[in-house]
Amino acid sequence: MTDAVLIFPPLVDTNFGAYYPSTAVLAGYLQAHGHACRQFDWNEDFAVHLLQPDVLQRIAAGDGMFSHLEDSDPARIAARLLKKLRTFLFDDAGRHDFAQSRFGYLLHDLAACLRIDEQLPALFATSMERWPLHDEYWAFCEQQGRMGGRDIDGKLIGISVPMGPQLAPALILARALADACRGVRIVLGGPAISLMSAPDRHALLKACPQVDALVRYDGEIPLLALVRQHRLGRWAPHEVGSTSALIDAAVVETPPQPGPDLESLPFPCYEGALLARLIKPELGLVQARGCYWGRCSYCDFVELYEGSPSFRTRKAERFVDEMVHQVQVHGASRFTFITEAIPPGFARRVADEIRRRGVRCTWNSFAMVDHHFDDALLREIAESGCEYLCIGMETMTDRVLGLVKKAATQALNVEFLQAARQAGIRLQVNLIPDLPSTTAAEALESLEIFRSLSDCFASVAVFPFEATKSSEIGRHPGKFMLQIAPAETGSGQAQFASNHLDAVDPAMTRQEREEIHRQFRAFAHHHNGAQHPISIELAGADEVTRGNRVRVAWRFLDLHLANNGSLVVFNALNRRSLSLPTRAASLLRAVAESPLTSLGALGAHARSPAEALELLVLLC
């Protein structure tokens, strides 16, 4: 008999096409203690929902709840293109390729229009009221609840909420399940809950009576106790550590209890059905909780484990035991190490263990720039199957790196980038162009250094700085030159307004900051697009290719009018937009409306072969 249902809700667009490990870790713990459970990845289901032709059509046309989106909005551009390109996101067996596909980024752009980023009172109201922006979630969650049927009735439902953008959908989901299912208890947990202040947790429980309890920090032990209570027909969350619940109209919070020793954790239980729908599933392996550095002042994820040591790690031997287990059970060959930053010593030991035991795999991990990652170690981890490392490099300004307590300096950053390139390790580099006190001149100097080293990393992501209440910067903004005042913009990359600190950084004007963001994003856009080399080849309008050749088939192009009347063409292959001059725009319109193939249409409407070639070069 199934005792619990574990759900990963929307909306984490960065996890489309992947299996987030939180439910698998909890399921492994519950099942090791005799409690069977089911897992549902409704974030992935929501991605599939967004790709339905009727949903794409509504977004592309700006109908109904999407009427506020302009024709040039990235979500509408993505919807128009995905109507033609959605087949690229699935293989012939219908398995998902959202993460690896060349056009997966369009799904992220599409989902952006459904992010709910509001202050807590408005978020809490989402579980009680139907607002236009929330209708898509209501319809989806009600349908999912009906489809769950007997798998959900009478169960304890654990909803994992690691990310801020999941909170509003999770509350809608809780209300929909409470309405549709009988005898359920609904528990929310995860970092987004743990990082809430006590007053915010109290407000959530009072405004959302369908939520029976919140679990803070490590979830395994409290969830097991609640599952046991529910199975026995009892409900007393106030007897369980690290919980918050409404008891007789008053919120009762129990003190945090220590989390489990990571060496004692049973292996995560991944559901085969969820893995089977992914083309290249990656399985998560818990390496540590907390961060071995743990000092970056803008980071709040290092503060998620109150009641436990600030950093817990595992032995390399047990870690590779788990890897071998997942290979045997699921035939897995790709792994993500779950950690804030893999320590160099652990990286060396696990690389040695993988090679000693002959495990054939690829793996990736978050890491930080650390002088112990020398040339020899980087070569060792590359030989063990390290596919890429994700690095929060942020900036090249030494003064700012010191202020926010990063371990690296500009010189160490440069040395690390060059050593990784020599070792053959791909890097995903994250940048924050406006960390506290950064001037426009310093940001531009950093940008030029990153440009000069762009052959050292495979991709780059830009995150405008956001002060969060739960970080050291949020608690002591004055130490970091920030002034408490209404922010010039809303919450930033975290899309979690309830944890956003209203603060202003006088180091840049608003106009300077916007220009810095624009230049960094343009750099990332150009660099990431350049990773897909293209060559020009004319083809029929109906031809499809999965290779690197540009086919001048209209399915790869989106055309829309700009406010100034010019024709803007977005090329989905190289992710570049082009505003066409009048003659080129007229020619392209004529070609787009022609029943001929692209080659024939260009020849028929261009005044000369040179003009046709000029347009083709512009587009590609």
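Computed from heavy atoms alone, side chains included, the values below leave out hydrogens, waters and symmetry copies. Quick caveat: nothing in here was measured; it's all calculated off a predicted structure.
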Novice: Working note: R80 + D71, criterion salt bridge (charged side-chain N to carboxylate O under 4.0 Å, His left out); need CA distance, chi angles, decisive distance, verdict.
Specialist: CA-CA 10 Å; R80 292 192 295 266; D71 201 43; 3.0 Å; yes
Novice: Whether D558 and K83 form a salt bridge (side-chain N of Lys/Arg under 4.0 Å from carboxylate O of Asp/Glu) is what I want to check.
Specialist: no
Novice: Over 60° means perpendicular and under 30° means parallel, so tell me whether H325 and F267 are parallel, tilted or perpendicular.
Specialist: tilted
Novice: May I ask you to decide if the ring planes of F8 and Y20 are parallel, tilted or perpendicular, using 30° and 60° as cut-offs?
Specialist: parallel
Novice: Are R357 and E353 ion-paired here, with the side-chain N under 4.0 Å from a carboxylate O?
Specialist: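 Between E353 and R357 there is a salt bridge, with a charged N closer than 4.0 Å to a carboxylate O.
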Novice: Run the numbers on R348 and D352 for salt bridge (charged side-chain N to carboxylate O under 4.0 Å, His left out), then give the verdict.
Specialist: CA-CA 6 Å; R348 174 174 284 108; D352 290 343; 5.7 Å; no
Novice: Does a salt bridge link R115 with D13, judged by any charged N lying under 4.0 Å from a carboxylate O?
Specialist: yes
Novice: Parallel, tilted or perpendicular: which one describes the rings of F346 and F319, with boundaries at 30° and 60°?
Specialist: perpendicular
Novice: Any idea which heavy atoms bring L262 and V286 closest together, and the distance?
Specialist: CD1-CG1, 4.3 Å
Novice: Check for a donor-acceptor pair, side chain of N528 on one end and backbone N or O of A524 on the other, with a separation under 3.5 Å.
Specialist: yes
Novice: Which value, rounded to the nearest 0.5 Å, describes the distance between L6 atom CG and D41 atom CG?
Specialist: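 Going from CG on L6 over to CG on D41, the span is 12.0 Å.
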Novice: For F366, look at atom CZ and say whether over 12 heavy atoms of other residues, nucleotides or ligands are found less than 6.0 Å away.
Specialist: no
Novice: Show the nearest heavy-atom pair for residues T23 and S160, with the distance to one decimal.
Specialist: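 Heavy atoms of T23 and S160 come nearest at CG2-CB, 4.4 Å.
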Novice: I need the minimum non-hydrogen distance between Y105 and A572, along with the two atoms involved.
Specialist: OH-O, 2.8 Å
Novice: Could you check whether any side-chain N or O of Q52 sits under 3.5 Å from a backbone N or O of V48, counting only pairs where one atom can act as donor and the other as acceptor?
Specialist: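 Yes: the side chain of Q52 pairs with the backbone of V48.
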Novice: Does the Q287 side chain pair with the main chain of F337, one donor and one acceptor, at a distance under 3.5 Å?
Specialist: no
Novice: Where the side chain of Y270 meets the backbone of G284, is there a donor-acceptor pair that is under 3.5 Å apart?
Specialist: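 It does hold such a pair.
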Novice: Taking atom types as modelled, find out whether Q143 and H49 have a side-chain donor-acceptor pair closer than 3.5 angstrom.
Specialist: no
Novice: Checking Q39 side chain against A24 main chain: does a donor-acceptor pair fall under 3.5 Å?
Specialist: yes
Novice: Would you name the heavy atoms of H134 and I116 that are closest together and state the gap between them?
Specialist: CD2-CD1, 3.1 Å
Novice: Applying side chain to side chain contact (heavy atoms under 4.5 Å, CB included), name anything that partners A461, two or more places apart in sequence or on another chain.
Specialist: N430, F463
Novice: Check whether any side-chain N or O of T339 sits under 3.5 Å from a backbone N or O of A341 as a donor-acceptor pair, and report yes or no.
Specialist: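 It does hold such a pair.
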Novice: Check whether any side-chain N or O of R38 sits under 3.5 Å from a backbone N or O of V5 as a donor-acceptor pair, and report yes or no.
Specialist: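 Absent.
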Novice: Mind running salt bridge (charged side-chain N to carboxylate O under 4.0 Å, His left out) on K280 and D91 for me, showing each step along the way?
Specialist: CA-CA 11 Å; K280 295 179 180 179; D91 69 2; over 6 Å; no
Novice: Give me the atom names and distance for the closest heavy-atom approach of Y19 to L278.
Specialist: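 Residues Y19 and L278, closest heavy atoms: N-CD1, 4.1 Å.
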Novice: Salt-bridge test for E44 and R95: reply yes if a basic N is under 4.0 Å from a carboxylate O, no otherwise.
Specialist: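 No, E44 and R95 are not salt-bridged.
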Novice: Taking 4.0 angstrom as the limit, do D3 and K155 come out as a salt bridge?
Specialist: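 No.
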Novice: Any idea how H96 and F98 line up, ring-wise: parallel (<30°), tilted (30 to 60°), or perpendicular (>60°)?
Specialist: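 Judged by the thresholds at 30° and 60°, the geometry between H96 and F98 is parallel.
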Novice: What donor-acceptor contacts under 3.5 angstrom involve side-chain atoms of residues 379-387, with partners at least two apart or in another chain?
Specialist:
| unit_1 | atom_1 | unit_2 | atom_2 | d |
| --- | --- | --- | --- | --- |
| E383 | OE1 | R355 | NH1 | 3.1 |
| S384 | OG | W363 | NE1 | 3.1 |
| S384 | OG | I381 | O | 2.8 |

Novice: So, the side chain of Q166 versus the backbone of M163: is there a donor-acceptor pair under 3.5 Å, distance only?
Specialist: yes
Novice: Nearest 0.5 Å please: distance from the CD1 atom of I159 over to the CD1 atom of I193.
Specialist: 9.5 Å
Novice: In terms of side-chain geometry, is the basic nitrogen of E317 or R356 positioned less than 4.0 Å from the acidic oxygen of its partner?
Specialist: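 Salt bridge flag = no for R356 with E317.
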Novice: Do the ring centers of F457 and H527 come within less than 6.0 Å of each other?
Specialist: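 Ring centroids of F457 and H527 are less than 6.0 Å from each other.
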Novice: Nearest heavy-atom pair of V324 and V359: which atoms, and what distance?
Specialist: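 Looking at all heavy atoms of both residues, the closest pair is CG2-CG2, 3.9 Å.
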Novice: For the CD atom of Q144 and the CZ atom of F40, what is their distance to the nearest 0.5 Å?
Specialist: 8.5 Å
Novice: Strictly below 4.0 Å, N to O, side chains only: are E340 and R289 in salt-bridge contact?
Specialist: no
Novice: Is the Y137-F46 ring centre distance short of 6.0 angstrom?
Specialist: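 Yes: the rings meet the under 6.0 Å criterion.
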